[in-house]
There are 2 protein chains.
Amino acid sequence: MARVSLKDLAQHLGLAEGTVSRAMNNYPDISAATREKVQKAADALGYKPNHTARRLATGRAEAVAYLMPTSRSALSTPFVSELLQGLGDALAKRAWDLLVVQPQSAEDELQTLRKLVASGKVSGVVLSRPAKVDARIDFLKSSGFPFIVHGRAKDDAGYAWYDVDGRQAFADAVDHLTAQGHRRIGFVGAPSYQNFAQDRFDGYKDGLKANGLAFDPDFVSIAELTDEGGERAAFDLLSSPPHPTALLCVNDVQAIGALAAVRAKGWVPGKDVSVIGYDGVWMGRHTNPPLTTLAQPQSHSGRQLGDMLLSIIDGGKPEDFQVLRRAELVRRKSDGPPTGIRTTPQTTSREETR
Amino acid sequence: MARVSLKDLAQHLGLAEGTVSRAMNNYPDISAATREKVQKAADALGYKPNHTARRLATGRAEAVAYLMPTSRSALSTPFVSELLQGLGDALAKRAWDLLVVQPQSAEDELQTLRKLVASGKVSGVVLSRPAKVDARIDFLKSSGFPFIVHGRAKDDAGYAWYDVDGRQAFADAVDHLTAQGHRRIGFVGAPSYQNFAQDRFDGYKDGLKANGLAFDPDFVSIAELTDEGGERAAFDLLSSPPHPTALLCVNDVQAIGALAAVRAKGWVPGKDVSVIGYDGVWMGRHTNPPLTTLAQPQSHSGRQLGDMLLSIIDGGKPEDFQVLRRAELVRRKSDGPPTGIRTTPQTTSREETR
DNA sequence: CTTGTTTCCGAAAGCGCTTTCGGAATAGCC
DNA sequence: GGCTATTCCGAAAGCGCTTTCGGAAACAAG
């Protein structure tokens, strides 16, 4: 019942502690015979090594931490556990531990990180949702501590990251919409200190330019990353004529709010006003109408992040681990060609020229 | 730059290691003067205690583990991160760590747990989604290791848990439906080895009995906990006349699938067939139509679980920490009085008598 | 049979911190 | 001023494991 220690095991076998330890760790200077004897005795007695002691002795933490996002935005929830599962899988191969670290506030974040790397509790950390310029990344880079980020900051050089190309995706979306005949395309976005928000916004502008449409600041509205946020922003955009005939939303949860806004205006989403989201969340299939979206690739990102981080801890160069994936447009029912609806007919300066 | 250890600090101060240690830990036998001196020097030199060494020396792990559910059912995702956040908050007060442990398979679970408690890595664990009879709980109970479970097994005695009363909730839902005039109420459920599924099913039956309705096995269909599962199950139920005029679904994601099934039959959910879910997920407001559901109380369950677990680790009796919350019916648009629709008119034995 | 190699294991010396124990120094008391 | 109480700190002795180092035993070579 009581924990059996290495000493107990050694005593039981009549061997020295060190010998038993080396046997358990497959040192080459242990004869096959005794190694086997040790193994057998070990699981006969139910010996389970004390990880803490091992860590102290080796100096290897054999654990990595995931720094939880501090923003409580509804959206963080689905992707966090997805990521955690993947990380867990990756770490399981080596029987490493996964720590979840939760800063108590956004300001607290850097301090938490400092303590974390200093404590020696982990040998690597994974960050997510970087800001455009992210102090956490700067600190980690300068400290030389192994880390990887899910997403990337504006400056994406010199560290490891995994991201999907939101900029490209939004440019694609504009292409798609203009191909359908839309000329007034709105953007409902999130505060751009979050780098992904900036990326997608840039993609939106790229798309306009590529299609010869003028950028009109009146067609963009920024809100928080919730359904209500999206709804409010969309409602605003739709309230001053000439309103956009299509809305690109920075993510699906905002898009879902936007759908509600369109209906609130008495219009039907997908007919009168097109709405396109981003993420490809499961729920999109069940909205009213089903949401057209830019879906992230299904590949378990957590798994990849974990594997990459492990490689870096093993000595890999962070710069060698930067992967950019492409989002895919999945068409459902919330987009379509623009229809001539209750919109002010006169062409204002907001209309693109050409 | 290099880590500064206790020894360094002591040397720098001209004090003994032990003295410095006691000063840092607020031992009463250290004079206020030196305590202060030590504190100052500590953060001047940037001393951060090595947690691993501390753990080894004290034998206290100062960490708890969350055992991830192995089922990949879509639903696990939202609630996992919610729970993690709450746990993190609770642990932050003591600066304890949160480990996320992920068994590689369901069979592996018990073994993982064994290793976990033996390794000394944590001083408590939290489980979720217990089975009707759950080997993990039995093991933990017999081992005397501190733990708490989110939900509860069929046998809920002798350990700590936090649960919301699904049985009561489903009985309430049946009341609600019969009050509206429904007589044929279906149940789409999940495999009942999951205790919560059994609970809710029992509540459904309780409700029928309380309202003088006969239980009809043809009105229940079991499927996996996904939208497709719910859709298939609901479709089946609606395909053999006389079909139920209302569907109680074991959770919201199934209910969302059920909504789709109703539409697929050419009916309109909430009018021709009522459907009610369970959980109160955020998404329910945006389905078509918005989903009536039995919402779990908003109180951060993770936080509560954490606090309770801490109390138990401190020596509290597990039996003293059992909290049962009540779900609340939030009415949206997916339920209403039954309408006489394309249903076979003749009263079969399936109709309740009275 | 000596010398030189290998093979295998025992014996320490930590890893960085905590905690008990005892004793020096100071204070309190008659 | 002697004596007992306090106050405060130093000095080990670990916690359970790893890892280096050296040497005994076994083997090979001359």
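Between the side chain of B:Lys48 and the main chain of A:Gly120, no donor-acceptor pair closer than 3.5 Å is present. Panel note: side chain B:Arg22, backbone B:Tyr27; no donor-acceptor pair is recorded below 3.5 Å.
Between the side chains of B:Tyr66 and B:Ser128, a donor-acceptor pair is found at a separation under 3.5 Å.
Each of B:Arg22 and B:Leu56 was matched to the nucleotide of DNA chain D holding its nearest heavy atom; the match closer to the 5' end belongs to B:Arg22.
Taking atom CD of A:Glu17 as the reference point, atom P of C:dA13 lies 15 Å away to the nearest angstrom. Atom CE in A:Met24 sits about 14 Å away from atom P in D:dT19, given to the nearest Å. Computed from coordinates, the A:His51 NE2 to D:dT18 P distance equals 10 Å when rounded to whole Å. Summarising the geometry, the separation between NZ on B:Lys7 and C1' on D:dA12 is reported as 14 Å, rounded to the nearest angstrom. The interatomic distance linking B:Asn26 (CG) with D:dC8 (C1') rounds to 16 Å, in whole Å. For A:Glu62 and D:dC17, the CD to C1' distance is 12 Å, given to the nearest whole Å.
A sub-4.0 Å separation between OP1 or OP2 of D:dT7 and a side-chain N or O of B:Tyr27 is absent. For D:dG16, the OP1/OP2 oxygens have no side-chain nitrogen or oxygen of A:Ser5 closer than 4.0 Å. Checking the phosphate oxygens (OP1, OP2) of C:dC15, no side-chain nitrogen or oxygen of B:Asn50 falls inside 4.0 Å. Taking only side-chain nitrogens and oxygens, B:Ser21 never comes nearer than 4.0 Å to OP1 or OP2 of C:dC17. In terms of phosphate contacts, B:Thr58 brings no side-chain nitrogen or oxygen within less than 4.0 Å of OP1 or OP2 of C:dT18. For D:dT19, the OP1/OP2 oxygens have a side-chain nitrogen or oxygen of A:Arg60 closer than 4.0 Å. OP1 and OP2 of D:dG16 both lie 4.0 Å or more from every side-chain N or O belonging to A:Tyr47.
Side-chain contact check for B:Trp161 versus B:Leu324: some heavy-atom pair is nearer than 4.5 Å. The side-chain heavy atoms of A:Lys37 and A:Leu15, taken from C-beta on, include no pair separated by under 4.5 Å.
When each of D:dT18, D:dG10, C:dG16 is scored by its nearest atom to the side-chain atoms of A:Asn25, the top-ranked nucleotide is D:dT18. Checking D:dT20, D:dT18, C:dC17 against the side-chain heavy atoms of B:Arg54 singles out C:dC17 as nearest. Of the candidate nucleotides C:dG16, D:dT18, D:dC9, D:dT18 has the atom lying nearest to any side-chain atom of A:Leu6.
In this pair, A:Phe147 and A:Tyr159 present their aromatic rings parallel. The plane angle is below 30°, not in the 30 to 60° band.
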Fill in: Intermediate values then yes/no, side chain to side chain donor-acceptor pair (under 3.5 Å), B:Ser311 and B:Asp314
CA-CA 5 Å; B:Ser311 300; B:Asp314 287 344; 5.6 Å; no
Discussion item. Run A:Val38 and A:Met24 through side chain to side chain contact (heavy atoms under 4.5 Å, CB included) and show every step you take.
Written reply: CA-CA 7 Å; A:Val38 169; A:Met24 300 285 306; 3.7 Å; yes
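If you check every strand for non-hydrogen atoms under 4.0 Å, A:Arg55 touches nothing. Within 4.0 Å (heavy atoms only), A:Gly18 reaches at least one base atom of the nucleic acid.
For DNA chain D, the residues of residues 28-36 of chain B within the heavy-atom distance limit of 4.0 Å (strictly under) are B:Asp29, B:Ile30, B:Ser31, B:Thr34, sorted by number.
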